[in-house]
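Working notes for the structure below.
Chain A is the first sequence line, chain B the second, and so forth, proteins listed ahead of strands; every chain is numbered from 1. Only a predicted model underlies this, so the values are computations on that prediction, with no experimental measurement involved.
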2 protein chains.
Amino acid sequence: MSAIRVLIAEDQAMILGALAALLAGEPDLAVCARAVNGRAALCALAAERPDVLVTDIEMPEMTGLTLAAEARARFPATQVVILTTFARPGYLRRALEAGARGYLLKDRPAAELAEAVRRVHRGERVIDPELAAEAWASDPDPLTERERQILWRAGEGRSSAEIAAEVHLSEGTVRNYLSEAISKLGAANRIEAARIARQKGWL
Amino acid sequence: MSAIRVLIAEDQAMILGALAALLAGEPDLAVCARAVNGRAALCALAAERPDVLVTDIEMPEMTGLTLAAEARARFPATQVVILTTFARPGYLRRALEAGARGYLLKDRPAAELAEAVRRVHRGERVIDPELAAEAWASDPDPLTERERQILWRAGEGRSSAEIAAEVHLSEGTVRNYLSEAISKLGAANRIEAARIARQKGWL
DNA sequence: GCGCCGGCATGACAAGTGTCACGCGCGAGT
DNA sequence: ACTCGCGCGTGACACTTGTCATGCCGGCGC
């Protein structure tokens, strides 16, 4: 029985090295290549044809999501696991549409990475359970386009009057939209509302 | 010759595990404990008295910078290495003021971490060279400790009254500090002030 | 001792913010 | 034609925020 061959793509070199060291500790896994951006990862995919690709999302040159789609199209034998900081349902959805078989968060225990690689290689899907629940349960974005537009500006520190001028509304209306957004998000003020919306990926 | 004992603090569990695996590959280093936030790290410091503390900056409970200061004050035998994503001169300055002996970026090669630990343990300083150059050119942090403390909370969306209760000051005083911070940063309000300070690495 | 400065506080005022009730016009559904 | 919802606006009110002048007190230099 030969080891599962893994390619890791991650833009922070030290994290890349650390993840490689982590997987190197598993006897049934072998890190056959590393890449610090999406383009390098594609080259490595072509050269090595690994069993599993583990990739970050936010990388220069090419994001992990487009990399996943490319990998799916050109090297269907390679299964893709997304490994990211961001628990955003929007990212998960796009990852699955791109053909990724796994979606794992960087704040999960280290042991889950190796396990996810094994399970994906067996043909299973591995989705972070909390995120999966959240993705289906959470009502997708209670904000209207106007509210988003205005709340975003408020989060940057602009005053109601400035926002009103920017979006061509009256100041009172801007305050109404903000009030509405604040109550929808259960916040105490515009700042907290912006924080919550950002965190949920609605801004 | 016994191994250098290292404590790692990092809020993303998988990265924490990966870094530990990375250092575990070095025969002269031993990871004696791990912590996923500043408070846990302090406990581990007291219990283990490691030779070197490697810590992230942005963590829940207590940031790596305050952790570094605490470590310096209470466990001076432990040398501190900051390991972070952020190449912000303000962070570097505060890290050094807090008594850190090393400041390393996560996008440096993985091998530098072990090397930095060794050098810091020998009493040397290890500062990311690019960042060190930039740090001298940039303007210094204008904020006092109080202003930072209060502005940070304001940036989270808390009201003056809430902040006053948290830091045991009167509400008027909190407003005075915020006003001072706003004018120092050339901002129009607390939100913009927090944004500017964050971007410069002063929060 | 004295003056001086920094941290903290108070009070007052103007401006900005959050909420609510209400009104207008417009397109869609019946 | 009538109502309904929706996007937008107004005005009023209470509250929060930003600013400033002023003052207290403890530590420091001299």
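- With sequence neighbours excluded, the residues that form a salt bridge (charged side-chain N to carboxylate O under 4.0 Å, His left out) with B:Glu147 are B:Lys184.
- Each of A:Ala187 and B:Val174 lies near DNA chain C, and the nucleotide nearest B:Val174 is the one positioned closer to the 5' end.
- Residues satisfying the salt bridge (charged side-chain N to carboxylate O under 4.0 Å, His left out) test with A:Arg119, not counting sequence neighbours, are A:Glu124.
- Under the rule for a salt bridge (charged side-chain N to carboxylate O under 4.0 Å, His left out), B:Arg72 has no partner lying at least two apart in sequence or in another chain.
- Per the geometry, CZ belonging to B:Arg146 stands 10 Å off P belonging to C:dG7, to the nearest Å.
- Salt bridge present: A:Arg118 and A:Glu26 bring a charged side-chain N and a carboxylate O closer than 4.0 Å.
- Contact between the side-chain N/O atoms of B:Ser170 and the OP1/OP2 oxygens of C:dC8 is not found at any separation under 4.0 Å.
- Terminal axes of the helix from C:dG1-D:dC30 to C:dT30-D:dA1 (five pairs each, C1' rotation axis) are separated by 20°, to the nearest 10°.
- The shortest distance between side-chain heavy atoms of B:Arg125 and B:Leu96 falls below 4.5 Å.
- For B:Gly123 against B:Arg101, the heavy-atom pair with the smallest separation is O-NH2, 2.7 Å.
- A:Arg190 and A:Ser160 share a side-chain donor-acceptor pair at under 3.5 Å.
- Taken residue by residue, residues 154-169 of chain A places heavy atoms nearer than 4.0 Å to DNA chain D at A:Leu169.
- Nearest to the side-chain atoms of A:Arg175 among the listed nucleotides C:dC8, C:dG11, C:dG18 stands C:dG18.
- Here C:dG18 presents its P atom at 14 Å from CD of A:Glu147, a figure rounded to the nearest Å.
- Going from atom CG of A:Asn176 over to atom C1' of C:dC24 covers 14 Å, rounded to whole Å.
- Side-chain atoms of A:Arg195 come within 3.5 Å of backbone atoms of B:Glu156 as a donor-acceptor pair (strictly under, hydrogens ignored).
- Using a 4.0 Å cutoff to heavy atoms of chain B, the contacted part of DNA chain D runs 5' to 3' from D:dT17 to D:dC20.
- To the nearest angstrom, C1' of C:dG16 lies 12 Å from CG of A:Leu178.
- Between the CD1 atom of A:Ile182 and the P atom of C:dC20 there is a distance of 11 Å, given to the nearest Å.
- Proximity of a side-chain donor or acceptor of B:Asp11 to a complementary backbone N or O of B:Val36 within less than 3.5 Å is not detected.
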